[in-house]
Amino acid sequence: MPKDHGIGASIKRREDVRFLTGAGNYTDDINIRCQAYVYFLRSDVAHGKLNKVDTSAASKMPGVVRIFTGADFAAVGGIPCGWQVTDRHGEPMKEPAHPVLAQGKVRHVGDPIAAVVADTLEQARDAAEAIELDIQELPAVVNMKAAVQSGSALVHDDIGTNLCYDWGFVEENKAAVDEAIKNAAHVTTLELVNNRLVANPMEPRVCVGDYSRATDDHTLYTTSQNPHVIRLLMGAFVLGIPEHKLRVVAPDVGGGFGTKIFHYAEEAFCTFAAKACNRPVKWTASRSEAFMSDAHGRDHVTKIELALDKDNNFTAIRTETYANMGAYLSTFAPSVPTWLHGTLMAGNYRTPLIYVNVKAVFTNTVPVDAYRGAGRPEATYQIERVVDKAARELGVDPIALRRQNFIKPDQYPYQTPVAVAYDTGNYDATMDKLIEIADLAGFEKRKKASAAKGLLRGLGVNCYIEACGIAPSNLVGQLGARAGLYESATVRVNATGGIVVMTGSHSHGQGHETAFPQVISEMLGIDESMIEIVHGDTSKVPMGMGTYGSRSLAVGGSAMVRATEKILRKAKKIAAHLMEASDGDIEVKDGRFHVAGTDKSVAWGDVTLAAYVPHNYPLEDIEPGLEETAFYDPSNFTYPAGAYACEVELDPETGRVTIERFAAADDFGNVVNPMIVAGQVHGGIAQGVGQALMEGAVYDDNGQLLTGSYMDYAMPRATDVPFYQVDHSCVTPCTHNPLGVKGCGEAGAIGSPPAVVNAVLDALNSGGIKIDHIDMPVSPSRVWAAIQKAKA
Amino acid sequence: MYNFDFVKPKTLAEAAAAMAGDEAQALGGGQTLIPSLKARLASPTTLVSLGGIKEMVGVCTGDDGSTCIGGATTHGAVAKDAAKLYPALAKLAAGIGDPAVRNRGTIGGSLANNDPAACYPSAALASGATIVTNTRKIAADDYFQGMFTTALDAGEIVTEVRFPVPEKAAYIKFEQPASRFALTGVFVAKYKDGVRVAVTGASEGGVFRWKEAEAALSKDFSAKALAGLSASADGMITDLHGTAAYRAHLVGVLTRRAVEAAA
Ligand SMILES: Cc1cc2nc3c(=O)[nH]c(=O)nc-3n(C[C@H](O)[C@H](O)[C@H](O)COP(=O)(O)OP(=O)(O)OC[C@H]3O[C@@H](n4cnc5c(N)ncnc54)[C@H](O)[C@@H]3O)c2cc1C
């Protein structure tokens, strides 16, 4: 029988009751007495010199409290970048200023120029229309390769180049890699684009700034994945407010996908303006604003070469990538194409020599930063596409080629040539499982059935590995992170035995309120209903780093385990005292403390009551109370891995591709709640399918965003994805965290795009239409155009 | 949104009077108009909601056998109530947007707006429908005058649309991946006296009749009859979602599929 509580039980998500009945408390639900509203006047040109911003007429409009421009922020800091990358030549990346409101120049469509605070939003918009602007339009920098040619217009004049950094990894291996490619029996080359995406969480960004004149305390309510990080960055680098005078609250958050990690100008603005206006100030992004101000994701243009020896062993990989940074450096932007991408270029394979070159480029577009998977999908896509192409060129089975080059189970820990060391894994196991759940044996039959309908059926298979559970602080510090990446938890046991856990992880759809109690329930033998999770408020929770990089359970959960272990140690002492036994003899079972080998026991509640009503208590040994805090800093990344298969049907007449089957066999290490894990995989695959077939943010040559709404930005819907076959029974537990967990939040988005594209190309090539590659999104018109070209 | 006055008349006469006011604008289901108000792209002084006018709502059969649809009838109502009378039309209505859009959006609003990618214009043109307004009757062939342009005068209200019922018909929509409007859509209707083929989504000139296909299909209503015919890419739309050549190609494919599906 499946477990009904504790680790491994598919308990329904308790938070869904409030989410699905409209009882959630999102930032936009927070309204403070006397609050004013801000409307941001945003640039409608991509690049221009701000000659004049005249607010005099607008300031006199009805309801206007105050209008702010760049000049009002001259005395405060700019939006900081949280990661410094060092280039091939040992030089730090170029780090241009990022003002809260534009100063001197506008650099992308959507760049905020002025902010009107008024009694109502409509009044603020009316006044914004009365602001007189004189913008001298400049040539827009859009194409990355053109941007780094001399003579290009400059996004930031003061740094004298559009090249943020030119990164080589591992630079010392470059010559050897070049040599290996020169001497290879076969080299497969592929040029591809990892399309720019907009995360599009259901809830757009919102913030409310509040200030108390009585106490000089600031509060910011914001749609964030990591309120402490916002408090640190905004307090220390932008506004100069110490932590104890600044509270940041991220209440229920309706999806983040990475784009709510970063510190945004609107947050600093609302905090600043609340004091300046002495009124709470609220901003709620419209969907149109979200498209032009939320950090975008991906946007890499890559050339990859895979070298093989005469026996089809991989001998080297060389890549050159142009990575779009957009107009300013968003919080973690520099890390995404480098440390989150280059270090994963070994994939699941024993390729001994790897060299990754990344040129990060400024353009007049919205800043680009982490989006579900962040760097790892880009790495996976390149590797798994080039391996597939190599198999086709060599006429070998793509699964066999992969297996032949897998890192084998007896090779762990496996030191890759790109810095990271995988602790554990078993890629043949997940591939075997995939073949079973995807029913690859039945593929040929299904292919015939498709053919009878005039449709081409294709099968795409790929593997993936990712590094998550980020991250060892000392390591990321060496790599340029300007923050630590530990996590914290306080476990507060109340007198009558109930528990409140204050976690630095933040839940914005992941189900922590359900899964975290399962872990404690397993450890203490008490019911989940006795455990409550508190997160998202810097005034309640110890300093935490938040949720991204599939780190919550692996890092935040580990901190909670460590704190609970401390609780257990102390509780055992109390229990021993109550039963006049020695600590070492106390065992915990089913919520009771037993003296081993006797029938003596006390209940959990007896112990917790004793801790707070210490009448009969070892006061000379231990303090009263039962509350413990732990910070956990991981010693390595975790390495979830797996194998994915996608089956598509392709209509050769129209180019339309439909996903008929999708299977995912993942190794996430130990699994706490299989239902939640399956949900994370489903959502990730939907986003990966979206990237592969539909989504793509497109700018024209003038830097206008052509996909500024859902009329042109294609989001996948339920009817675009099939019922998935997912499995996470192939478990190699993580070797270095107490739960043996690896993280599952990003896998679906990382592993699925190559499966889809490989399937499309299989459908075409096996149908006699020879096509090497089609860039994502593989839209009907692109497929049709590729077919026409192949036929010509 | 800018401020506006809102009226909800109960009769057509009251509505016509309200529409005579300066910068008054009809409000059907608001599925197109409300987003443009929110984006401050329109600034009517008065919105005249048509949803309360009973005579403008509903589906019935006219004396001449045509299917008559009130100008304020929602897509959802057409999908349900025209299912027996004119199945291809009902199916088209059932494929517009999503349930929320269908339960609000109206046929009058769709035809007045004449979005070049909208579905209804192809049905009206292929059926040789009559667009009835508060002042006159307009033949579909005269009504559509290019994208977002119609024969309607300022303040004129579409009160009813009369569709002669064909022997066989089908609408095939190839969805634009983002908006799910028609990237290209083809409505084929076979009448006793000939076949009409109307194409939406494809042309810079809005909905149009593909006369060559009509001639061929009028002689022989079969997919074979279309062999060798292709629509010209001249004047077709090129955008992010497809080139003119792609759309021209789709016109041929979808016309054939519509003929095959016609019932
Ligand atoms: C998400 C979404 C998806 C959609 N998908 C599709 C689709 O797949 N296919 C498709 O065809 N359409 C689609 N639409 C458009 C939808 O069909 C709208 O209902 C339609 O375009 C406008 O109808 P309405 O009643 O909402 O008109 P409104 O928005 O109220 O008005 C539109 C215009 O028509 C005028 N008007 C309204 N009624 C009348 C009348 N009776 N007489 C004269 N003028 C009038 C208004 O003044 C205004 O100028 C979609 C819309 C949305 C929001």
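Numbers restart at 1 for each chain; the letters A, B, ... are given by sequence-line order, proteins then strands.
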Quick one: what part of [X] sits under 4.5 Å from any heavy atom of chain B, side chain, backbone, both or neither?
{"X": "A:Arg717", "answer": "both"}
{"X": "A:Pro777", "answer": "neither"}
{"X": "A:Asp126", "answer": "both"}
{"X": "A:Glu129", "answer": "side chain"}
{"X": "A:Ser779", "answer": "neither"}
{"X": "A:Met694", "answer": "side chain"}

[X] with [Y]: basic N within carboxylate O range, under 4.0 Å:
{"X": "B:Arg196", "Y": "B:Glu214", "result": "no"}
{"X": "A:Asp294", "Y": "A:Arg287", "result": "no"}
{"X": "A:Arg42", "Y": "A:Glu266", "result": "yes"}

Q) Does B:Arg40 make a cation-pi contact with B:Tyr2 (under 6.0 Å, within 45 degrees of the axis)? A)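 Yes, cation above the ring, under 6.0 Å and within 45°.
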Q: Tell me, for B:Arg180 versus chain A, whether the close heavy atoms (under 4.5 Å) come from the side chain, the backbone, both or neither.
A: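 Contact with chain A: side chain only.
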Q) What residue in A:Ser781, A:Pro716, A:Ser709 has the most heavy-atom pairs under 4.5 Å with chain B? A) A:Ser781
Q. Any chance the side chains of B:Asn114 and B:Thr150 put a donor and an acceptor closer than 3.5 Å?
A. no
Q: Establish, from distance only, whether the side-chain atoms of A:Gln691 and A:Asn194 form a donor-acceptor pair under 3.5 Å.
A: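 Note: A:Gln691 and A:Asn194 side chains meet the donor-acceptor criterion.
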